[in-house]
Amino acid sequence: MSIKNLDKTFGFATRSVHGGNETDAETGAIRRPITMANSYELPYDPSDINWSSAEGNIYTRNGGANQNYLQEKLRLLHNAEDCVVLASGVAALSGVFFAFLKSGEHAVVSDSTYIAAYRLLHEILPEKYNIESTLVDSSDLDAVKAAVRPNTKLIHIETPANPTLKVSDIRAIAEIAHNAGALLSVDNTFASPYNQRPFELHADLTVESLTKYINGHGDAMGGAVLGPKPLIDKIRAEAMVNLGAAISPFNAWLIMRGAVTLPLRMRQHNESALKVAEFLQSQPSVRFVAYPGLHTHSGNETAKTQMHGGFSGMLAFGLNTDHDGHNRFVSRLKVITSAVSLGHDESLIVFLGENDERQYLYPPEFHAGFFRLSVGLEDAEDLISDLRQAFL
Ligand SMILES: *Cc1c(COP(=O)(O)O)cnc(C)c1O
């Protein structure tokens, strides 16, 4: 069966299951096949084809079958007009920055973001292309307003932010951006479209690292940008066709399969992370816990107005111990794995030490070193026991 014209009148779970899927016309298979070809047959007279076009299937760097199916699923999950999928979340971020910032223009950026957003906007684009940027605590609306300049063309925020879990008010910042004639892009990776859809809060562009919750199984990389068709077309033409950040058809297929269970998985991540955060908060050896779902979190009120379903599976915490004490704690964990990335089925923890180059941008409680924990799909009781025995 296939649902034609699937739209937001269907629930999120129905769109997660059926979005982008149809019966294969050739075989009758009810799942989309993997099309690993890198090129597609040309018409009788190909001489007037625009070889840089992303319309129609010509060459897999210009678009292809599995990319298109995944784009359709993600577009439906975000209630967006259009979507482009790319090789990684960072390809999606650089796609936005390269498409919408020119030499002499300025960007306002959250001071707590994924490291590549910081590297691109704070170092690479300013040094190479004379693009200016201001890092700002985007949980403070006055600070965002004060950072806007006449040449500001883009405000880029992350909420909840990696790795501090700071929460920024998407609706209010969209208004600041639009009053300044700038675009607002929101990195939604920590929330996933199950918990937060920036497009509904008037953001212009939403970025997702598909590597994280949307794929959810830790076995493929991908990225997406969602928004109005003219903006997405520009990213498609520049970042995908000409910068070459195309996703492989196999990865697009894996991510499409993973995304089917997104709502089920997010419900569990939301529930378990809240339990783990509450447990950690009750422990005397825990110095602080940052989780937007806790009433004590400074972003809790804002998070409640723009996140639904829950507050996701990401949290940060620090211990009343020194550098080595933090490493010893991780070495005693048996269920939780020490590795980067997040949003996987398995729980992952990273120690970010006090020497991290961006410490000065983080709130004071982070300065002595902290953990970023991605609460996975194991039994919450097992995760709590694992953390408890590691406090020894
Ligand atoms: C991981 C991550 C990215 C980058 O995604 P990749 O798929 O690793 O390139 C971007 N933003 C956030 C918030 C992330 O956590």
Side-chain angles (χ1 to χ4, degrees), residues 67 70 74 78 83-98 109-122 124 135 138-139 156-168 170 185-196 198 203 205-226 235 239-240 243-248 250-252 254-256 258-259 266 269 273 290 292 299 303 307 311-316 339-344 347-350 352 356 358 361-362 371-376:
Q67 291 97 308
L70 179 59
L74 298 176
H78 266 288
C83 172
V84 57
V85 293
L86 297 164
S88 66
V90 168
L93 289 171
S94 40
V96 170
F97 305 155
F98 276 88
V109 192
S110 294
D111 57 5
S112 175
T113 63
Y114 191 69
I115 182 93
Y118 168 83
R119 197 72 73 211
L120 281 161
L121 288 172
H122 186 64
I124 298 173
L135 300 176
S138 55
S139 67
H156 177 75
I157 62 168
E158 223 178 89
T159 182
N162 188 355
T164 59
L165 280 303
K166 266 193 204 173
V167 173
S168 301
I170 299 173
S185 70
V186 179
D187 187 328
N188 201 56
T189 302
F190 264 35
S192 92
Y194 180 76
N195 288 326
Q196 180 172 279
L205 296 159
T206 297
V207 175
E208 293 276 4
S209 167
L210 306 176
T211 313
K212 314 294 172 51
Y213 285 110
I214 292 179
N215 179 50
H217 295 75
D219 51 12
M221 299 197 84
V225 190
L226 300 109
I235 297 171
M240 187 171 71
L243 288 176
I247 191 172
S248 98
F250 183 55
N251 281 0
L254 276 175
I255 294 165
M256 173 119 169
M266 290 316 298
H269 287 298
M307 298 182 80
F311 302 92
S312 201
M314 296 306 302
L315 55 91
V340 295
S341 201
L342 56 104
H344 293 193
S347 295
L348 302 172
I349 194 164
V350 189
L352 292 152
D356 187 287
R358 293 188 296 163
L361 295 167
Y362 300 155
F371 300 117
R372 187 187 71 187
L373 175 62
S374 171
V375 176

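Order of listing sets the numbers, starting from 1, for every ligand and every atom in it.
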Subject >> Closest non-hydrogen atom pair between L93 and A117, with its separation >> reply: CD1-CB, 4.2 Å
Original post:
Looking at the rings of H269 and Y194, which for Trp means the six-membered one, are their centres under 6.0 Å apart?
Top reply: no
What does the contact table look like for ligand 1 (nitrogen or oxygen on each side, cut-off under 3.5 Å)?
unit_1, atom_1, unit_2, atom_2, d
ligand 1, 5 (O), S209, OG, 3.0
ligand 1, 7 (O), G89, N, 2.9
ligand 1, 7 (O), S209, OG, 2.8
ligand 1, 7 (O), T211, OG1, 2.6
ligand 1, 9 (O), G89, N, 3.0
ligand 1, 9 (O), V90, N, 2.8
ligand 1, 11 (N), D187, OD2, 2.7
ligand 1, 15 (O), N162, ND2, 3.3
ligand 1, 15 (O), K212, NZ, 2.9

Subject >> Between T159 and S168, a side-chain donor and acceptor under 3.5 Å >> reply: no
Subject >> Any donor-acceptor pair under 3.5 Å from N251 side chain to G222 backbone >> reply: no
Original post:
Would you find a donor on one side and an acceptor on the other, under 3.5 Å apart, between the side chain of Y213 and the backbone of G313?
Top reply: yes
Subject >> Listed partners of S209 passing side chain to side chain contact (heavy atoms under 4.5 Å, CB included), at least two apart >> reply: T189, T211, K212
